[in-house]
There are 2 protein chains.
Amino acid sequence: MKMRDSYTCPLELTHDIIRGKWKPIILWQLGKGAVSLSALQNDIAGIGQKMLLQHLGELQDFGMVQKEPYEGYPLKVEYSLTDKGRRMLSVITAMQEIGIELMKEDGKEEFLKNRGLI
Amino acid sequence: MKMRDSYTCPLELTHDIIRGKWKPIILWQLGKGAVSLSALQNDIAGIGQKMLLQHLGELQDFGMVQKEPYEGYPLKVEYSLTDKGRRMLSVITAMQEIGIELMKEDGKEEFLKNRGLI
DNA sequence: CAGCATCCGATCTGATACTG
DNA sequence: CAGTATCAGATCGGATGCTG
């Protein structure tokens with residue numbers, strides 16, 4: 001993602017942080033706890049390794065995500081939220097809640113129930 | 001913006017609604033009250049008429065924004081938030097608050113004070 | 001004032017192949 | 001398992017000119 005030199009609007013900053021098809025779901029998943037790259041890829045249906053790595057990198061650039069590499073083979077790495085990242089969850093949660101409301105009003109209750117969202 | 005046939009994830013739905021460079025600021029501005037197209041363009045620094053109309057149209061497709069055309073010349077139209085749109089403001093507000101926090105931590109207090117954001 | 005059509009460069013996404 | 005490189009197609013953003 002193209003990065004700006006500086007931000008003159010808080011809304012623009014936050015929007016940029018969660019910009020990209022997979023950013024919100026990545027933050028959401030990491031909110032559950034630290035995980036490996038492959039675990040994350042398994043948890044997020046449809047994402048490819050390249051996009052996952054790219055978006056994780058951008059989230060690290062914004063200080064939302066941190067990476068913990070371990071020594072030895074097989075390679076092991078754990079991704080987790082930083083303090084900033086955890087605070088960003090308030091936005092993600094608000095998005096999730098509104099989304100559930102909208103889907104309810106759109107007659108998707110059955111679907112939401114099946115997934116335990118309501 | 002390319003629209004999906006259906007959504008299987010609430011987070012994805014909300015993310016799509018606010019997706020696009022100008023969606024959050026448009027919702028934010030409309031949160032202050034109904035305005036004309038030209039007023040909106042004046043309030044949002046840097047936006048062109050095409051993007052404004054395009055993003056307003058997409059927000060209407062999602063049921064966030066409504067348009068009220070008036071008869072006579074010169075032409076007059078008023079854009080405003082729907083009930084759904086007003087509820088979406090909870091997300092925009094959360095984004096704004098986090099953005100302010102992040103900018104504060106980044107030493108932008110002076111800037112924020114000048115704009116009356118803190 | 002409000003809105004549409006077109007064109008073009010910048011950016012985003014994803015598939016595939018390859019490395020340590 | 002974790003990560004990089006490349007390439008092509010889809011999408012986005014913005015400038016410009018035109019219409020009612």
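Just the heavy atoms: all of them, side chains too, but no hydrogens, waters or symmetry mates, feed the values below. Residue numbering restarts at 1 for every chain, and letters A, B, ... go by the order of the sequence lines.
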Separation of C/dC1 P from B/Gln41 CD (nearest whole Å) | 10 Å
Minimal non-hydrogen separation, B/Arg115 against A/Thr8, with atom names | NH1-O, 3.3 Å
Counting only side-chain N and O atoms of A/Tyr79, is one of them less than 4.0 Å from OP1 or OP2 of D/dG3?
-> yes
What integer distance in Å separates A/Leu37:CG from D/dA2:C1'?
-> 6 Å
Do NZ/NE/NH1/NH2 and the carboxylate oxygens of B/Glu105 and A/Arg87 come within less than 4.0 Å?
-> yes
No-hydrogen, no-angle side-chain donor-acceptor test under 3.5 Å, B/Tyr7 and A/Asp106 | no
Separation of D/dC1 C1' from A/Leu40 CG (nearest whole Å) | 14 Å
Would you mind reading off the distance between B/Tyr70 atom OH and C/dA2 atom P, rounded to a whole angstrom?
-> 12 Å
Strictly below 4.0 Å, heavy-atom distances to any atom of DNA chain C: list the hits from residues 17-25 of chain A, or just say none.
-> A/Arg19, A/Gly20, A/Lys21, A/Trp22
Identified side-chain contact (heavy atoms from CB on, under 4.5 Å) partner of A/Leu30 from the options A/Val65, A/Leu59, A/Asp43 | A/Val65
Taking CG from B/Asp16 and C1' from D/dT11, how many angstroms apart are they, rounded to a whole number?
-> 13 Å
Heavy atoms of A/Glu78 and A/Ala34 approach each other most closely as OE1-CB, 3.8 Å
Would you indicate, yes or no, if C/dA2 has its OP1 or OP2 atom less than 4.0 angstrom from a side-chain nitrogen or oxygen of B/Ser38?
-> yes
Rounded off to whole Å, could you give me the CE-to-P distance for the A/Met3 and C/dT11 pair?
-> 13 Å
Between CD1 of A/Ile47 and P of C/dA15 the distance, given in whole Å, is 11 Å
Within-4.5 Å side-chain heavy-atom neighbours: A/Met3 and A/Asp61 = yes
Comparing B/Tyr73 and A/Ala39 on DNA chain D - which has the more 5′ nearest nucleotide = A/Ala39
Between A/Lys2 and A/Gln49, just flag the one whose closest nucleotide in DNA chain C comes earlier from the 5' side.
-> A/Lys2
Same cluster or not: are B/Leu53 and B/Leu75 linked, directly or through other Ile, Leu, Val, Met, Phe, Trp or Tyr residues, by side-chain heavy atoms under 4.5 angstrom apart?
-> no
Tightest non-hydrogen contact, residues A/Ile100 and A/Leu117, listed as CD1-O, 3.9 Å
Between atom CG in B/Leu75 and atom C1' in C/dC1, what is the gap in whole Å?
-> 6 Å
Within residues 51-67 of chain A: residues closer than 4.0 Å to DNA chain D (heavy atoms) = A/Leu53, A/Lys67
Is the closest basic N to carboxylate O distance between B/Glu12 and B/Arg4 below 4.0 Å?
-> yes
